[in-house]
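Structure first, then comments.
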Protein chains: 2
Amino acid sequence: MGGGDRDGVRATGQRWVWDARAAGSRQTEQRRSVLEFLATVDRCLSAQEIRAALEDQGRPVSLATVYRTVARLARAGVLDVVLRDDGEATYVLGSARHHHHLVCRRCGSVAEIANPAVESWTVEVARLHGFADVDHRLTVTGVCPACRSVHQRVEGAGTS
Amino acid sequence: MGGGDRDGVRATGQRWVWDARAAGSRQTEQRRSVLEFLATVDRCLSAQEIRAALEDQGRPVSLATVYRTVARLARAGVLDVVLRDDGEATYVLGSARHHHHLVCRRCGSVAEIANPAVESWTVEVARLHGFADVDHRLTVTGVCPACRSVHQRVEGAGTS
DNA sequence: ATAGCTGCAAAGCCTTTGCGGCAAG
DNA sequence: CTTGCCGCAAAGGCTTTGCAGCTAT
């Protein structure tokens, strides 16, 4: 599911192309802005952060359009939705196949991690419980080396 | 971090006790309602669902109090917060130590699952990336046997 | 020329918070 | 009696949606 050429977006290897001929999908400056920007980032960003960054780059896009665009990209399987601890949704380019992420709690930098053993175990344990239509999501959080060295202090970082 | 006897709640084995003598923590009917109710449930429920259920039981508790109570219980490590796919927070009694859950996408039933190998792998992979203060969260979603047999149809259940 | 997309602003939800009054200890 | 807790209602944030105009095709 969610594998690929829906919504006019296709993932071909490491390149994403917006298929203009897909049923009523248009190539617009705003969608290009969002997609091209996300391609330059290795952090998971919220819709508001994406909008702010694009504005700084002189390529303003309305918040509603950012939401609509990332929703489309997520549906197409081009990007992955990562929920922060507080429930805010963030987005990052990724296979959308392995939902395994290593996320920095401070700066939001993301690395995809993989472990086939985990993958197969989740399927197996779900099957043992009689579950069908199984999916899974593993998020490892921590503080990345960069943030550690900076000794950046964020509100409530320590004990709360 | 959130280890135990804070907020006047203690987890002793499989039993939870509200330590009334903990720094300014009072035993009230509402808190008892929430805790006792959660003990009878094996599903993860949102604050609103908890409030509705308690009202049905003739033990009404205001939504604000439910939120304040579950926040306290979560901080005390008595219950676990499980984010739904849409970002809504749900709560379930649990060790709050292993964040491994098998959740039914339809009815929200929850089973705790455990795999030490996964646990150690997450720590290892995080360390390899230089991450500190590591935590993780694994959620396996699917449709449980009960919901499968009922052939319950929820909006957008199939492909979406 | 057509149909989809954008921006704006309003509405929807979930969650938090201020406050007066009540109640546990 | 003191201090914390409850309920109510308002405020805060994130996200979605209706609508009119613009634009990619």
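Keep in mind it's a predicted model, so treat the numbers as computed, not measured. Side chains are part of it too, since the values below use all heavy atoms of this structure and drop only hydrogens, waters and symmetry mates. Reminder, nothing fancy here: chain letters follow the sequence lines and each chain counts from 1.
Between D/dC5 and B/Thr28, no contact under 4.0 Å exists linking OP1 or OP2 to a side-chain N or O. A/Arg68 has no side-chain polar atom (N or O) that falls below the 4.0 Å cut-off from OP1 or OP2 of D/dT17. Between A/Arg26 and C/dT6, a side-chain N or O to OP1/OP2 separation shorter than 4.0 Å is absent. Between B/Tyr67 and C/dT15 there is a side-chain N or O to OP1 or OP2 distance below 4.0 Å. Within the 4.0 Å cut-off from OP1 or OP2 of D/dG13, not a single side-chain nitrogen or oxygen of A/Gln48 is found. Put simply, A/Gln27 has no side-chain N or O that comes within less than 4.0 Å of OP1 or OP2 on C/dG4.
Using a 4.5 Å cut-off on side-chain heavy atoms (C-beta onward), B/Pro145 and A/Phe131 make contact. Side-chain contact between B/Leu93 and B/Leu35: present, with at least one pair of heavy atoms (C-beta onward) separated by less than 4.5 Å.
The backbone N or O of A/Arg26 sits less than 3.5 Å from a side-chain atom of A/Arg31, completing a donor-acceptor pair.
Counting to the nearest Å, the C1' atom of C/dT6 and the CG atom of A/Leu54 are 14 Å from each other. Computed from coordinates, the A/Asp86 CG to D/dG12 C1' distance equals 13 Å when rounded to whole Å. Distance CZ (B/Arg75) to P (C/dT16): 10 Å, rounded to an integer number of Å. One interatomic measurement links the two molecules: CG of A/Leu73 to P of C/dC5, which rounds to 12 Å at whole-angstrom precision. When the C1' atom of D/dC5 is taken as reference, atom CG of B/Leu63 falls 16 Å away, rounded to whole Å. Look at CD on B/Gln30: it is 11 Å from P on D/dC8, rounded to the nearest Å. Atom CG of A/Leu45 and atom P of D/dT15 are 13 Å apart (whole Å). We find that CZ of A/Arg51 is positioned 9 Å from P of C/dC8, with the value rounded to whole Å.
B/Ala71 comes within 4.0 angstrom of nothing in the nucleic acid, heavy atoms only.
Residues B/Glu29 and B/Glu88 each lie close to DNA chain C; by heavy-atom proximity, the contact nearer the 5' end of the strand is made by B/Glu88.
Between A/Val92 and A/His101, the closest heavy-atom pair is CG1-CE1, 4.3 Å.
The structure places OG1 of A/Thr122 at 7.0 Å from CG of B/Leu138, a figure rounded to the nearest 0.5 Å.
Listed candidates were D/dC5, C/dT17, C/dT15. Nearest to the side chain of B/Ser25 is D/dC5.
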